Amino acid sequence: MIQRANELVDIIRKSKEIHIVTHIDADGITAGAIASETLRRLGKKYSIECIKQLDEVVINKLLTENHELVWFTDLGSGISTQYPEIKKIITDHHECPPDSDASFHFNPHLFGRDGSYELSGAGATYLVSKALDLKNRDLSGLAIIGAIGDLQDRKFCELRGMNTEIVKDGKDAGVLQTIKDIRYFGKETRPLAKFLQYASDPLIPGVSGREDACVALLQELQIRLKDGDAWRTWVDLDKEEKRKIISTIIQMLLSKGFGYQAASRVLGDSYILCKEEEGTELHDAKEFATLLNSTARYGQYEVGLQVCLGDRGKWLKEALNLLSGHRHNLVEGLQFAREEKIQKRTHLQYFHARDGIRDTIIGIVTNMLLNTEDVDKELPLIGFAFTENGDVKVSARATQSLVDRGLDLATVLTRAAKELKGVGGGHNIAAGATIPKGKEEEFLQMVEREIKLQLVS
Ligand code: C5P
Ligand code: C5P
Ligand code: ZN
């Protein structure tokens, strides 16, 4: 792997002008930020764009632009052997067939590693940046935000695989700390009752999703909700208060028969960006990633990029504005999907949001939905939404247990989308595609056939 990273380093060193193409999610933005900062430090001429997916429109544009080198980050594995006219390097972590191995393609899957949890797009980009110059180890914090944004800590409740090396770099460079803590989202900025209300992995039986039950639970444990006028958050609590809440949740899970496995998921590693201020959206990697998801997914990638590159003034203010819109859209999107109702089939379940949920957040909503109490965990969930171009965006999500039984959504969606002249890809546990409108039923039938084959064989 180091040798491959060095091959990419040589290509970068020899190029004067480099164009970065990256993905619109938190992993994509952090990958793009790492690549741009690396090139800035090298004194290269560079430019960057953030895209929803690598389709023909993007490729045709690149073909006319004639860049000396294109650096694809957090995407690109699907075209590594195509378009030789585009001189390129790729730092990606999406599934790819063995024939996509090329001297300019750095991807954990090419080295027998699993890109859904061992290394993210930002992580792959970071490892090349570090191979260029060890001083770039200060960029490891961004790589961890990318990995957390892609939920790479979900499988083991901590980062594993090649991510471990990046965590170590972050600690050595003084930008990262890890602490064992409760795993729910919003420890730094969510008022306590909301923090518990949105708790989803594991769900708190009888409490998640119900604000009144959260308030009642906190009152029963004699935990103040406010300090003066300010709502208290998880990080405002003292050790004893935290202990009381954690042990109560664990007891609730065990007494309701959720088992040791669910209960053990309450605690895990938290990744803290220790140079940032506590109690802000930037201190905990999960919250930082969500802040970034609020930008490029709404066409404002420059905002997220500048925050990654260190702006704490006007760009951060803009990001925080976008964050409140994003939160609102997720709550509404989840509500909308629930009302649409999930349709069950033998080997999958799906819902169609049409114009009700933006195509850029349908994946997040599908994921959240699969994590709610009343949704079947035995079937993968597929969400459809219309795109601005008149196509259909597909997002598919599975549970770890389905993956352990042999499910690989990336293969399923890549094949089915290709049949319909669309594009698809991703990871075993989460994949996406774009297909023509009106082909949804045909797509579902193909997907169902593939899933059946994977789960019985
Ligand atoms: O495009 P990309 O690789 O960056 O995104 C990874 C996707 O996989 C994210 O949407 C993330 O939520 C999803 N994922 C998941 N469960 C995991 C790992 C990743 O849903 N255990
Ligand atoms: O868009 P969504 O969040 O559902 O994507 C899930 C995963 O599938 C992500 O890793 C994304 O990069 C990947 N994907 C892809 N090709 C597409 C759409 C999504 O590789 N056309
Ligand atoms: Zn990614």
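Whatever order the structure lists them in is the order used to number ligands and atoms, beginning at 1. As the structure is a computational prediction, the values presented were derived from the model and not from experiment.
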Show which atoms of ligand 1 fall inside a sub-4.0 Å distance from at least one heavy-atom site of [X].
X    : answer
D74  : 4 (O)
R154 : 16 (N), 20 (O), 21 (N)
H93  : 3 (O), 4 (O)

query = Can you tell which of D391, D25, D359 makes a salt bridge (charged side-chain N to carboxylate O under 4.0 Å, His left out) with K52?
reply =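 Going through D391, D25, D359 one by one, the salt bridge (charged side-chain N to carboxylate O under 4.0 Å, His left out) with K52 is satisfied by D359 alone.
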
For [atom], closest protein heavy-atom neighbour:
atom                    : result
atom 10 (O) of ligand 1 : R397 NH2, 3.1 Å
atom 20 (O) of ligand 1 : N367 ND2, 3.4 Å
atom 4 (O) of ligand 2  : S395 OG, 2.5 Å
atom 19 (C) of ligand 2 : G432 CA, 3.4 Å
atom 17 (C) of ligand 1 : I429 CG2, 3.5 Å
atom 8 (O) of ligand 1  : A430 CB, 3.2 Å
atom 21 (N) of ligand 2 : Q53 OE1, 2.8 Å

Should [X] be counted as touching ligand 2, given the test is an N or O pair under 3.5 Å?
X    : answer
A396 : no
G425 : yes
G426 : yes

query = Restricting to N, O or S atoms of D74, which is nearest to the Zn ion (ligand 3)?
reply =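 Among the N, O or S atoms of D74, the one closest to the Zn ion (ligand 3) is OD1.
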
Of all N/O/S atoms in D150, the name of the one nearest the Zn ion (ligand 3) =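 Result for D150 and the Zn ion (ligand 3): OD2.
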
Keeping [X] on the side-chain end and [Y] on the backbone end, is there a donor-acceptor pair under 3.5 Å?
X    : Y    : value
S200 : N371 : no
E440 : G438 : yes
N60  : E56  : yes
Q349 : L379 : yes

Short N or O distance, [X] and ligand 1, threshold 3.5 Å exclusive:
X    : answer
Q400 : no
D150 : yes
S116 : no
K155 : no

Short side-chain donor-acceptor distance under 3.5 Å, [Y] and [X]:
X    : Y    : value
H283 : E188 : yes
K155 : S116 : no
N136 : Y126 : no

task = Please confirm if an N, O or S atom belonging to H23, backbone or side chain, lies less than 2.8 Å from the Zn ion (ligand 3).
result =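 Of the N, O and S atoms in H23, none lies under 2.8 Å from the Zn ion (ligand 3), which means no.
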
query = For the Zn ion (ligand 3), does an N/O/S atom of D27 lie at less than 2.8 Å?
reply =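 Of the N, O and S atoms in D27, at least one lies under 2.8 Å from the Zn ion (ligand 3), which means yes.
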
message = When you measure from the centre of the six-membered ring of F111, is the NZ or CZ of R113 closer than 6.0 Å and no more than 45° off the axis?
response =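 Not satisfied by the 6.0 Å and 45° rule.
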
request  = Give a yes/no verdict on a cation-pi contact between K437 and F386, requiring under 6.0 Å between NZ or CZ and the six-membered ring centre and an angle within 45° of the axis.
outcome  =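 Flagged: K437 positioned over aromatic ring of F386.
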
Which atoms of ligand 2 sit under 4.0 Å from any heavy atom of [X]?
X    : result
A431 : 4 (O), 6 (C), 7 (C), 8 (O)
A433 : 18 (C), 21 (N)
V423 : 21 (N)

Does a side-chain N-to-carboxylate-O contact under 4.0 Å join [X] and [Y]?
X    : Y    : value
E450 : K452 : no
E441 : R345 : yes
E165 : K130 : yes
R415 : E419 : no

task = Have a look at K52, H94, E95, K393 and point out the one with the heavy atom closest to atom 11 (C) of ligand 2.
result =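 The residue whose heavy atom sits nearest atom 11 (C) of ligand 2 is H94.
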
key: Test item, Q152 contacting ligand 1 (heavy atom, 4.0 angstrom)   =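 Q152 does not count as a contact of ligand 1 under the 4.0 Å cut-off.
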
Close approach of H427 to ligand 1, heavy atoms, under 4.0 angstrom =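 Checking ligand 1 against H427, which is what was asked, there is a heavy-atom contact under 4.0 Å.
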
request  = Please say whether more than 12 non-hydrogen atoms of neighbouring residues, nucleotides or ligands are located less than 6.0 Å from CD1 in I179.
outcome  =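 Yes, the 6.0 Å shell around CD1 holds more than 12 heavy atoms from other groups.
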
key: Verdict with supporting geometry, E65 and K61, salt bridge (charged side-chain N to carboxylate O under 4.0 Å, His left out)   = CA-CA 6 Å; E65 284 174 352; K61 188 171 99 36; 2.9 Å; yes

task = Check L75 against ligand 1 and report side chain, backbone, both or neither, counting heavy atoms closer than 4.0 Å.
result =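 Contact part for L75 vs ligand 1: neither.
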
